[in-house]
Amino acid sequence: MITLTNVHKSFGAAHVIRGVSAEVKRGEVVCIIGPSGSGKSTILRCINGLESYDGGTIAIDGNRVDCNSRSITAVRTQVSMVFQRFNLFPHRTALENVIEGPRFVKGEPRAAAVERGRTLLARVGLAAKEDAYPPQLSGGQQQRVAIARALAMQPKAILFDEPTSALDPELVGEVLGVMRALAEDGMTMVVVTHEMGFAREVADRVLFLDHGLIVEQGPARSLLTHPTHPRTQDFLHRVLHPI
Amino acid sequence: MQSFLTRSAEFLPILLQGAGLTIVVTIGSLLFSTLLGLVWAMMRVSGIPALSWIAKSVVNVIRGIPIIVQLFYIYFVLPDFGVTFTALQASIIGLGIAYSAYQAENFRAGIEAIDKGQIEAAQSIGMGWAMTMRRVILPQAVKIVLPPYGNIMVMMLKDSSQASTITVAELALQGRLIASSTFQNSTVFTLVALLYLTMSIPLIMLVSYLERRFGKA
């Protein structure tokens, strides 16, 4: 469903993605792990057209992603994104954040959008917070609203860019719980994360990225418990045993 | 004091006529400069290099020329090219253009202060540039832009007196005419000052009301 073929990307002289090819199938949950600066987030941002890429192709269901083309807005309505820093609209309530896309991008009638918005907020456990403004919510609650906002677009896939990295440790679980429920419902997900427990339990596949290249990939459980490449072993050792 | 009051009663009707024109010039040029300033600011942040460059150049040219010279240009020079305005029209257009530069810089500062993540979030749910501006960026920028906008309104009220240089009989010019024909300088200019002050107070109150209203949430 999401196909990357030999994708390259440079920021000035820095060659951050150096020929990445990968495929994400419908209903699959893929986690991208790797050291900081390895290009994980950049790949995700390229898939959603927030960042251009210099070589190769990215396609969603065969449609090429090109952030300089007019078709990019259509691509973005098919693939939603959840950000590290939530990026909720602070001047709108939780419910308004969720219905913004359906109402104003897709032109759904207000009543229908509101009804579905309420269902989605209930699904992420925030039915009681529909009138709260983002600054009145905790980080975990904000991120769950952001997930509801992504779901409201009825996307074919959701991209998560380190969705729990900005959260206090005790709030991580509630967000991962929502994501796990989504995965169980069959949502196609690409997750950049440092949560190895989540990757092991929920992901179908894990890609290990280092210096802009996929160094190792495979089924989540076997890659995380028995990595074969020395760099993967080294990275996992440092993440799992920081002291 | 007695004589001040009797003279005031005599001069006030004429001065109030002038104050009426001052209000017309102020509101007219405020609206025009706001619209024009918004256009420059939108061009500036459009991400299209040519538009951005044009807006930047226009703003710098406008800022670099005194308001009075711009007014003279529109009222005295443009007729040579077959474009004629009444004094009132010329003053509204001239002040509007002159102030559009400051409005544009203020709007741009407000827009650029919004977190880039907001733009990305809007894009990620499929919004185009115009809708992102209208639904996400501008509503948040308003809050940042309002306090300096209040300053601009008060400055505009006072700078409307420059319209007197191209014969618009607004408050300052009416005052000068009465003073030079009656020699009652102190009475006349005290009244003129008080009238300007009186007119600026509602503006100041309006801004603090708007700040309170948009300050919520």
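Chain letters run A, B, ... following the sequence lines, proteins first and then strands; every chain starts at 1. The figures here come from the full heavy-atom set of this structure, side chains too, leaving out hydrogens, waters and symmetry mates. Everything quoted here is computed from the prediction, not taken from an experiment.
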Query raised in the report: For A:Lys129, does the NZ atom have more than 12 heavy-atom neighbours from other residues, nucleotides or ligands under 6.0 Å away?
Result: no
Requested in this report: For atom CZ of A:Arg64, decide whether the heavy atoms of other residues, nucleotides or ligands shown that lie under 6.0 angstrom number more than 12.
Outcome: yes
Pick whichever of [options] has the most heavy-atom pairs under 4.5 Å with chain B.
options: A:Met81, A:Arg85, A:Glu100, A:Lys106; value: A:Glu100
options: A:Gln136, A:Gln84, A:Arg45; value: A:Arg45
options: A:Thr93, A:Leu50, A:Ile72; value: A:Leu50

Close approach to chain A in [range], criterion heavy atom under 4.5 Å:
range: residues 119-141 of chain B; value: B:Glu120, B:Ala121, B:Ala122, B:Gln123, B:Ser124, B:Ile125, B:Gly126, B:Met127, B:Gly128, B:Met131, B:Arg135, B:Val136, B:Pro139, B:Gln140
range: residues 144-159 of chain B; value: none
range: residues 62-90 of chain B; value: none

Below 3.5 Å, can you tabulate the donor-acceptor pairs from side chains in residues 146-163 of chain A to any protein atom, sequence neighbours excluded?
residue	atom	partner	partner atom	Å
A:Arg149	NH1	A:Asn87	O	3.2
A:Arg149	NH2	A:Phe86	O	3.4
A:Arg149	NH2	A:Asn87	O	2.9
A:Lys156	NZ	A:Asp61	OD2	2.9
A:Lys156	NZ	A:Gln78	OE1	3.3
A:Asp161	OD1	A:Ser41	OG	2.7
A:Glu162	OE1	A:Ser165	OG	2.8

Query - Side chain, backbone, both or neither of A:Val79 within contact of chain B (heavy atoms, under 4.5 Å) - result: backbone
Query raised in the report: Side chain, backbone, both or neither: which part of A:Phe83 has an atom under 4.5 Å from a heavy atom of chain B?
Result: side chain
